[in-house]
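Below is one structure, written out as structure tokens; the observations come after it.
Whatever order the structure lists ligands and atoms in, that order sets their numbers, starting from 1. Please read all numbers here as calculations on a predicted model, not as lab measurements.
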Amino acid sequence: MFISFEGTEGVGKTTLIQKLYEHFQQQGKAVVLTREPGGTPLAEQIRSLLLSVNHDEQMSHDTELLLMYAARAQHLERVILPALAEGKIVLCDRFTDSSFAYQCAGRGLSRAKLQLLNQNFVSKMPDITFWLDAPIELGMTRARARGDLDRFEQEKVVFFESVRSGFAEIHARDPERMKRLDATQAQEKVFADALSSFK
Ligand code: TYD
């Protein structure tokens with residue numbers, strides 16, 4: 001089973017993923033915890049390029065999209081597909097929905113560009129995706145409290161509002177795969193809601 005986790009900054013993805021990871025482990029299941037962009041040494045290097053702030057040269061939106069997919073191609077081939085083939089549960093912090101929400105809804109790139117990449121380079125979509133949804137201000141306060149802001153975190157509220165509506169659009173299109181979790185609730189409740197999706 002392939003499970004991904006989505007949402008804007010500071011909505012508690014990490015906590016939920018950790019809880020589910022421990023839950024599956026306690027059930028004696030083989031489970032892999034990974035993230036995007038990243039998840040392999042090479043893909044983590046691409047992640048560093050994507051998140052670092054370079055005041056000398058602004059990254060173009062197309063470059064950003066393509067680097068996301070370069071990292072994803074490596075991650076899929078090296079980590080996700082082999083783990084699934086071995087019957088493991090894969091928990092992935094972000095996947096293609098983030099590309100739609102951030103690069104299309106957020107940056108304004110066309111959905112056609114993304115579809116081209118998905119059709120050619122993404123052979124496996126998550127079986128289930130948890131979208132942790134919360135008002136932008138709430139998450140940004142949490143993200144700011146964590147310290148230095150990366151290239152995405154430095155974006156303004158309007159950008160994240162667009163990203164959030166991108167996730168809402170995917171949810172409206174594909175409610176079977178993408179489950180919305182109310183991330184303003186206590187972490188235990190968010191976890192309980194996620195677990196109820198498996199019943
Ligand atoms: P992540 O470390 O998961 O962010 P956070 O912990 O703040 O939720 O992801 C890094 C950033 O990369 C995040 O701001 C979202 C962005 N991103 C995209 O823009 N497109 C993508 O396809 C992915 C996977 C991530």
Between F95 and the options F5, F2, F130, the ring pair (Phe, Tyr, Trp, His ring centres under 6.0 Å) test singles out F2

Just need the protein heavy atom nearest to atom 3 (O) of ligand 1, so name the residue and atom and give the distance. R94 NE, 2.9 Å

Near E153 (heavy-atom distance under 4.0 Å), the atoms of ligand 1 are 7 (O)

At a 4.0 Å threshold, what atoms of ligand 1 neighbour a non-hydrogen atom of E36? 24 (C)

Would the distance check show the side chain of E36 and the main-chain N or O of D93 forming a donor-acceptor pair, the cut-off being under 3.5 Å? no

Below 4.0 angstrom, N of the basic side chain to O of the carboxylate: do K19 and E188 qualify? yes

Is the closest heavy-atom distance from R47 to ligand 1 below 4.0 Å? yes

For atom 18 (C) of ligand 1, closest protein heavy-atom neighbour: M68 CE, 3.2 Å

Of all the non-hydrogen atoms in the protein, which one sits nearest to atom 7 (O) of ligand 1, and at what distance? E9 OE1, 2.7 Å

Atoms of ligand 1 under 4.0 Å from any heavy atom of D93, numbered from 1 in the order shown, are 3 (O)

Which residues satisfy the ring pair (Phe, Tyr, Trp, His ring centres under 6.0 Å) test with F152, sequence neighbours excluded? Y102

Looking only at non-hydrogen atoms, find the nearest pair between H75 and R35 and report the distance. CE1-O, 3.6 Å

Of all protein heavy atoms, the one nearest atom 10 (C) of ligand 1 is L51 CD2, 3.8 Å

Before you tell me yes or no, could you show the steps for R72 and V122 under side-chain contact (heavy atoms from CB on, under 4.5 Å), namely the whole-Å CA-CA distance, both residues' side-chain angles and the distance that decides it to 0.1 Å? CA-CA 8 Å; R72 182 162 296 137; V122 180; 4.1 Å; yes

Give the numbers and elements of all ligand 1 atoms closer than 4.0 Å to a heavy atom of Q103. 18 (C), 19 (O), 20 (N), 21 (C), 22 (O)

With the threshold set at 4.0 Å, does a side-chain nitrogen-carboxylate oxygen contact exist between K113 and D62? yes

Tell me which protein heavy atom sits closest to atom 22 (O) of ligand 1, plus the residue, atom name and distance to 0.1 Å. S99 OG, 2.6 Å

Using the side-chain contact (heavy atoms from CB on, under 4.5 Å) rule, take I170 and F100 through it: C-alpha gap first, then chi angles, then the decisive distance, then the call. CA-CA 8 Å; I170 303 168; F100 178 75; 3.5 Å; yes

Ligand 1 to K13, heavy atom cutoff 4.0 Å, flagged ligand atoms 3 (O), 8 (O)

Within-cut-off N or O pair, R72 and ligand 1, under 3.5 Å: yes

Hey, does the side chain of R94 reach the backbone of G7 with a donor-acceptor pair shorter than 3.5 angstrom? yes

Contact between Q154 and ligand 1, counting heavy atoms under 4.0 Å? no

Give the numbers and elements of all ligand 1 atoms closer than 4.0 Å to a heavy atom of P37. 12 (O), 23 (C), 24 (C), 25 (C)

So, 4.0 Å and heavy atoms of E64: is ligand 1 close enough to count as a contact? no

Main-chain N/O of L50 paired with R151 side-chain donor or acceptor, under 3.5 Å: yes

For R146, counting its heavy atoms only, list the atoms of ligand 1 lying under 4.0 Å from any of them. 7 (O)

R142 and E9: salt bridge (Lys or Arg N to Asp or Glu O under 4.0 Å), yes or no, with the steps? CA-CA 8 Å; R142 286 190 206 154; E9 323 297 301; over 6 Å; no

Just to be sure I'm reading this right: ignoring hydrogens, which of Y102, F5, Y69 gets closest to atom 15 (C) of ligand 1? Compare them by their nearest heavy atoms. Y102

